[in-house]
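Reminder, nothing fancy here: chain letters follow the sequence lines and each chain counts from 1. Since the structure is predicted, the reported quantities are computational estimates derived from the model, not experimental observations.
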Amino acid sequence: MPKGAALSEISSGENISHFAAIRIRLSGIGNLNMSVYSLDNMRSKTLVPFVMATNTRIIPTRLVNFMEQRAAFELKTTEMDEYFRINRIVIFTKEVFSSYPGS
Amino acid sequence: MIQAIPRVVTNTFAGAVDNWYYPIFSGWGITSEFTVQASKIVMPIEGIFRNLATSCVVPGHPNYSITLVVNGVDTSLVATVGTGQDIGYDSIHQVTVSIGDEVAYKQSGAHVGATGIATCNYIEFEGDACFYGMNPSGASHSVGDAGVKMAGALGNGVWMSGGGITRSNTFSLCAINGTITRIQAKDYTGSVLGTDSWTVRLRKNGVTQDGTGGTVDTSCVITGSETTGFSVFELPVVLGDILDYALFRGGTTQPFVLASVACSLRLDPTTSGEYMMCGGDNDALNVPDWKWNDNEQGPANEQQASALVGVSGFQARGLAIYLSGGIVDSALPAIPTQFIFRKNFVDTAIQLTIPAGTRLASMFTNVDLVNGDYVNIKFLDGEKAHWGLAAKNITSAPSVGTGGGLFWINPNNTHDTYYDMIRKIPDPTIKTALIGE
């Protein structure tokens with residue numbers, strides 16, 4: 001994990017879930033780039049970035065559409081003078097299957 | 001790779017008009033519009049020009065500017081020397097060029113008289129390889145070998161009539177190993193060739209590379225309705241090789257024109273990032289004398305014979321010398337001869353003493369040049385010689401407009417790149433744990 005990154009509490013369960021969307025209470029300057037990763041980073045998907053604002057009344061939602069047993073979300077900025085402040089992350093998921101066939 | 005192109009140019013500000021065009025490599029200018037075409041070099045490679053710099057150390061010189069002109073249009077790459085200044089820079093703008101584009105310098109400033117004064121310019125080119133070019137030959141061209149025109153191929157050439165000779169008097173001396181892979185040429189006569197033709201070839205060590213006798217066929221042909229041409233091949237060159245362009249006319253004689261054919265070549269170095277600067281002198285020399293490509297002849301004046309080093313600098317890696325009076329080898333001196341690469345008018349560690357009876361010699365050691373340095377080759381003993389300076393870029397070119405990022409400072413870096421491209425401070429990142437139900 002890069003220096004300066006934050007670690008959230010772990011969750012349990014390995015049922016195959018459909019990660020439908022992510023909603024973030026967010027403020028900042030620039031673009032918040034988002035990606036989602038499977039176990040061991042074997043699969044990933046780059047999401048459409050959020051364009052941040054220093055003041056906003058909108059808590060934006062971004063569709064994810066990622067089906068895995070477990071998924072990790074990566075949020076970052078990459079350009080000079082960009083920053084973000086996150087107060088809340090909500091991930092919308094639905095359990096779809098309990099396991100893979102034969103496993 | 002980044003290729004630094006420092007040159008001195010004599011006789012600027014001459015004549016009665018206030019704009020001069022001249023090539024970015026060797027050759028002198030013309031006080032007229034770009035459309036006269038005598039100063040254009042046609043690009044054999046795509047890439048980016050940046051970090052233009054210019055300097056004039058002659059007291060009382062006028063204010064002036066240097067502009068990179070591409071395809072007849074002034075670009076945003078302009079270096080200006082204002083009142084009280086001797087050096088001007090443009091480290092902000094960069095210009096992207098494609099194969100076939102035509103480039104030249106335009107110098108703008110008040111004229112000072114018939115003979116003008118010397119200035120020196122510096123520009124950097126970033127591409128996959130290095131390149132060297134010749135502005136158009138201005139002459140009449142008879143057919144075949146009798147009418148061939150020749151010029152040094154690696155940035156120091158001046159066209160001359162080459163009938164009956166195998167080496168020009170401005171031949172280039174290779175200071176590095178590499179492979180020449182392309183010739184690009186353009187016909188500026190404005191005439192439809194039809195059954196006539198132009199053929200540009202390389203002559204290596206006096207042997208025309210036309211595919212016969214085991215040579216590599218470097219022939220670049222323009223004929224019919226064409227005005228441009230190119231050839232691709234692999235011609236290896238090594239330290240000590242002598243290289244000329246040879247321009248042949250086919251069909252019928254070309255009457256005198258101010259600009260006939262310009263040509264250029266692409267060179268892929270064996271050692272990544274290496275390139276060379278070449279020059280030479282066949283005129284009577286003072287003892288000692290100081291030389292760079294196209295510096296003034298006459299009374300020794302080291303300051304006015306020196307070239308400016310610009311923003312990124314470069315690393316001089318060694319010097320090769322071929323003792324010669326021109327198209328044929330002159331008698332070798334009976335005593336050792338000395339040549340020194342000088343930086344800011346002081347000897348560097350690149351010093352070459354050629355034993356009596358030896359014509360070709362080289363030595364290699366690294367000397368770093370930084371922004372604002374002046375360089376020249378000192379001829380200590382008055383012997384005419386051609387030289388090749390091996391060079392390499394030693395800094396990474398900054399990318400303009402990428403935003404970059406945050407980097408740790410590397411105290412060992414001594415040039416403009418104070419940051420360490422390898423040790424980028426990580427982007428601000430949050431990564432959640434693996435989430436599941």
Is there a side chain to side chain contact (heavy atoms under 4.5 Å, CB included) between B/Ile435 and A/Phe19 once you walk through the steps?
CA-CA 10 Å; B/Ile435 301 167; A/Phe19 295 86; 4.3 Å; yes
Atom of A/Glu74, atom of B/Thr429 and distance for their closest heavy-atom approach
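Heavy-atom minimum between the residues: CG-CG2, 3.6 Å.
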Contact residues of residues 29-45 of chain A (partner chain B; heavy-atom separation under 4.5 angstrom):
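Hits under 4.5 Å: A/Tyr37, A/Ser38, A/Leu39, A/Asn41.
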Do any of residues 84-94 of chain A come closer than 4.5 Å to chain B, heavy atom to heavy atom, and if so which ones, in number order?
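Interface residues of residues 84-94 of chain A: A/Phe84, A/Ile86, A/Ile91, A/Thr93, A/Lys94.
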Just one of A/Arg70, A/Glu68, A/Gln69 clears the side-chain contact (heavy atoms from CB on, under 4.5 Å) bar with B/Leu434, so which one?
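Running side-chain contact (heavy atoms from CB on, under 4.5 Å) over A/Arg70, A/Glu68, A/Gln69 with B/Leu434 returns exactly one hit, A/Arg70.
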Using the test ring pair (Phe, Tyr, Trp, His ring centres under 6.0 Å), find all partners of B/Phe131 that sit at least two apart in sequence or belong to another chain.
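Testing B/Phe131 for ring pair (Phe, Tyr, Trp, His ring centres under 6.0 Å), a comparison that skips the adjacent residues, returns B/Phe25, B/Phe125.
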Side chain, backbone, both or neither: which part of A/Thr77 has a heavy atom under 4.5 Å from chain B?
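Backbone plus side chain of A/Thr77, per the 4.5 Å heavy-atom cut-off to chain B.
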Tell me, yes or no, whether the heavy-atom count around B/Glu46 atom CD, taken from other residues, nucleotides or ligands under 6.0 Å, exceeds 12.
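No.
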Quick one: salt bridge (Lys or Arg N to Asp or Glu O under 4.0 Å) partners of B/Lys392, sequence neighbours excluded?
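If we apply the salt bridge (Lys or Arg N to Asp or Glu O under 4.0 Å) test to B/Lys392, skipping adjacent residues, there are no hits.
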